[in-house]
Protein chains: 2
Amino acid sequence: MIATATAPSRPRYVQIEESLHALLETGGYRPGDKLPPEPELAQQLGVSRATLREALRSFEQQGIINRKQGVGTFVNLRPPYIESGLESLESIEMLLASRQILPTFLQRTVCTEAALPKAAQRLSIDEGEPLTVVTSTVTVAGSPVAYLLEVTPEGFVEAAAIQSAATSLLHLLLDNRESYDIAYAVAHIAPVHGTEAICGALGVGGQTPLFFVEQTVYSAAHQPRFYSRNYYVPNFFDFHIIRKREI
Amino acid sequence: MIATATAPSRPRYVQIEESLHALLETGGYRPGDKLPPEPELAQQLGVSRATLREALRSFEQQGIINRKQGVGTFVNLRPPYIESGLESLESIEMLLASRQILPTFLQRTVCTEAALPKAAQRLSIDEGEPLTVVTSTVTVAGSPVAYLLEVTPEGFVEAAAIQSAATSLLHLLLDNRESYDIAYAVAHIAPVHGTEAICGALGVGGQTPLFFVEQTVYSAAHQPRFYSRNYYVPNFFDFHIIRKREI
DNA sequence: GACAAATATTTGTCAGACAACTGGATTATA
DNA sequence: TATAATCCAGTTGTCTGACAAATATTTGTC
């Protein structure tokens, strides 16, 4: 039925979630539609009702479905823009790819530096440890749209892979799920004026407010693996966030 | 045991989630701690194991706990800053209150205007319908830190309540959960230069980049209820977001 | 001490049953 | 007839009890 995939010990209710997800996506269910009754759905997925309900609970938590006692389970309307806001960790390549845009990386430089105190703290390593620093200017149709400065401990990513890649370092990490166990990032955002060098690279005047994102990227075990300081040209990007009420 | 609270028809597994949340917060559980075995915990909460497991699944989905077959259930390390990032919908009062700061609202004006096309579209109402517009300057210890422009259809909030409140309109909505069913917002963020009026109100020069947040606030049924255009002084705020990898 | 086997602990899954709730159909009543 | 009360089928919510599977601990053996 479902490919056993990489981890054979993954609990069934997680696998069922994936089956359910596929069912909702490709099974022709649209917002507002009613799902089959739980006993039927459980049989259809080859699982007990209790296990199915754990998966459904997770979906309900995410706001994908809506259960009502005595009535049924319904596919929710999705909030606008639910996907690909800032709350989802993506590389700039992924962001642009979803709009069928292919970026070019100019002036891509890769160098090794000793970690300064701030960088060392951020990556939980010792001062002076070697870091790999990648800087690049991202252009779309000839116009520069972003300036990236990306930092990771030397050796975390194979040097040859970094050199040969024509992508952002973050994309390299996210693209190889198995090798790098990237789970989330903490991003700080601010409006700034760029330095002369950055404004020059982006071809904007010194008075143009830039969108500055500084983020540290963590593994699932909360180990910092990477950080970046990126400058975006605001007119080209439209950043948004879904803000959910808590409690 | 647990107060029956407002809605008696709320499913038990949701109530259990709240009990669990309280248990984790006040029950002295720290990250890494192991929870009691499920049968014991179920008895402690006065609920069957199946129901408890649905609540636990929801917590696992949120990354709060970690279950491992044959071992136990553990409280997760929390990512830094997990709370009160931009991804959580809060009023500026709530944001500052968590840091023991009490803001003052100066030059608070309340007026009624006819909806222009853009505003009408945003709030899904007809052009020309009356809107209540609240503008205010937020100061902390005498220094202006934000300028708010908040808009809602007239009548959605009682006029007297708006007039008498010395808070942001959003705070009024979030503070009265029962009256206004606010669930989430879609926020767009950008770095901008303020207009003369705004820079004047905030006491900054025209070249200072401001943090601009334009958000539409929705009910649980995805009805737009409110929108705001806010300008923040960047040096006073440190906005951050948790960005999670999807899939 | 090192290794292997048995045991205990804990989460994962199942089956079946009944309760609670909803919405519509049916029936009783004015 | 119109309206209200009742019943009924359908669906999610909850419970009980059991066993399977994974892991950690203890015990036995050399």
Side-chain angles (χ1 to χ4, degrees), chain A residues 1-2 4-20 23-24 27 29 32-76 220-221, chain B residues 1-20 23-24 29 32-76 220-221:
Chain A
M1 203 68 64
I2 303 115
T4 338
T6 46
S9 66
R10 223 164 14 136
R12 197 122 177 224
Y13 57 77
V14 175
Q15 298 176 253
I16 292 302
E17 279 174 47
E18 289 168 20
S19 305
L20 260 179
L23 188 66
L24 293 186
Y29 283 103
D33 281 2
K34 185 177 170 183
L35 260 53
E38 291 181 1
E40 185 181 322
L41 197 54
Q43 192 185 359
Q44 196 174 318
L45 295 167
V47 81
S48 83
R49 212 185 132 211
T51 301
L52 170 66
R53 278 184 63 84
E54 274 196 60
L56 287 177
R57 177 69 197 104
S58 166
F59 271 52
E60 191 184 24
Q61 162 65 31
Q62 295 173 64
I64 298 173
I65 60 166
N66 206 297
R67 297 193 278 179
K68 201 166 179 192
Q69 182 172 359
V71 185
T73 302
F74 300 86
V75 180
N76 261 342
Chain B
M1 204 67 63
I2 302 116
T4 339
T6 46
S9 65
R10 223 166 12 140
R12 198 121 179 226
Y13 57 78
V14 176
Q15 297 175 250
I16 292 301
E17 279 173 46
E18 288 167 20
S19 305
L20 259 179
L23 188 67
L24 293 186
Y29 283 103
D33 282 2
K34 184 176 169 181
L35 260 54
E38 290 180 2
E40 186 181 322
L41 196 54
Q43 192 186 356
Q44 196 174 318
L45 295 168
V47 80
S48 83
R49 211 185 133 213
T51 301
L52 170 66
R53 277 184 65 82
E54 271 195 62
L56 287 177
R57 177 67 197 106
S58 165
F59 271 52
E60 191 184 23
Q61 161 65 33
Q62 294 173 66
I64 297 174
I65 59 167
N66 206 296
R67 299 192 278 179
K68 203 166 178 192
Q69 183 173 358
V71 186
T73 302
F74 299 86
V75 180
N76 261 343

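What you see is a predicted model; the values in this text were computed from it and never measured. In what follows, chains carry the letters A, B, and so on, assigned in the order in which the sequence lines appear, proteins first and then strands, with residues in each chain numbered from 1.
Each of dC14(C), dT12(D), dT14(D) was ranked by its minimum atom distance to the side chain of Thr51(A); first place goes to dC14(C). Closest to the side chain of Ala50(A), out of dT11(D), dC15(D), dC14(C), is dC14(C).
Straight-line distance from the CG atom of Asn66(B) to the C1' atom of dT11(C): 12 Å, rounded to whole Å. The separation between Glu38(B) atom CD and dT9(C) atom P is 16 Å, rounded to whole Å. Rounding to whole angstrom units, CD of residue Glu40(B) and C1' of dT10(C) are separated by 12 Å. Distance, Lys68(A) NZ to dT12(D) P: 13 Å, rounded to whole Å. Atom P of nucleotide dC21(C) and atom OH of Tyr13(B) are separated by 14 Å, given to the nearest angstrom. In this structure, the CG atom of Leu52(A) is 13 Å from the C1' atom of dT11(D), given to the nearest Å. Between the P atom of dG13(D) and the CD atom of Glu17(B) lies a distance of 12 Å, rounded to the nearest Å. Here the C1' atom of nucleotide dG13(D) and the CD atom of Gln69(A) are 5 Å apart, to the nearest Å.
Comparing Val47(A) and Gly70(A) along DNA chain C, the residue whose closest nucleotide (by nearest heavy atom) sits nearer the 5' end is Val47(A). Ranked by how close their nearest DNA chain C nucleotide is to the 5' end, Arg49(A) and Gly46(A) are led by Gly46(A).
With a 3.5 Å ceiling on both atom-pair distances, the Watson-Crick or G-U wobble partner of dC30(D) is dG1(C).
Expressed to the nearest 0.5 Å, how far CG of Leu45(B) lies from OG1 of Thr51(B) amounts to 11.0 Å. Between the CG atom in Leu56(B) and the CD atom in Glu17(B) there is a gap of 9.0 Å [rounded to 0.5 Å].
Applying the 3.5 Å distance criterion, the base of dG12(C) shares no donor-acceptor pair with the side chain of Arg57(B). For dG12(C), its base never sits under 3.5 Å from the side chain of Arg10(A) at any donor and acceptor pair.
The residues Glu60(B) and Arg57(B) are annotated as salt-bridged, a charged nitrogen and a carboxylate oxygen being separated by less than 4.0 angstrom.
Test Leu41(B), Val47(B), Leu23(B) against Ile16(B) for side-chain contact (heavy atoms from CB on, under 4.5 Å) and you get one pass: Val47(B).
Residue Thr73(B) places none of its side-chain N or O atoms closer than 4.0 Å to OP1 or OP2 of dT10(C). Residue Arg53(A) has a polar side-chain atom (N or O) positioned under 4.0 Å from OP1 or OP2 of dG13(D).
In this structure, the side chains of Gln62(A) and Ser58(A) come closer than 4.5 Å at one or more pairs of heavy atoms.
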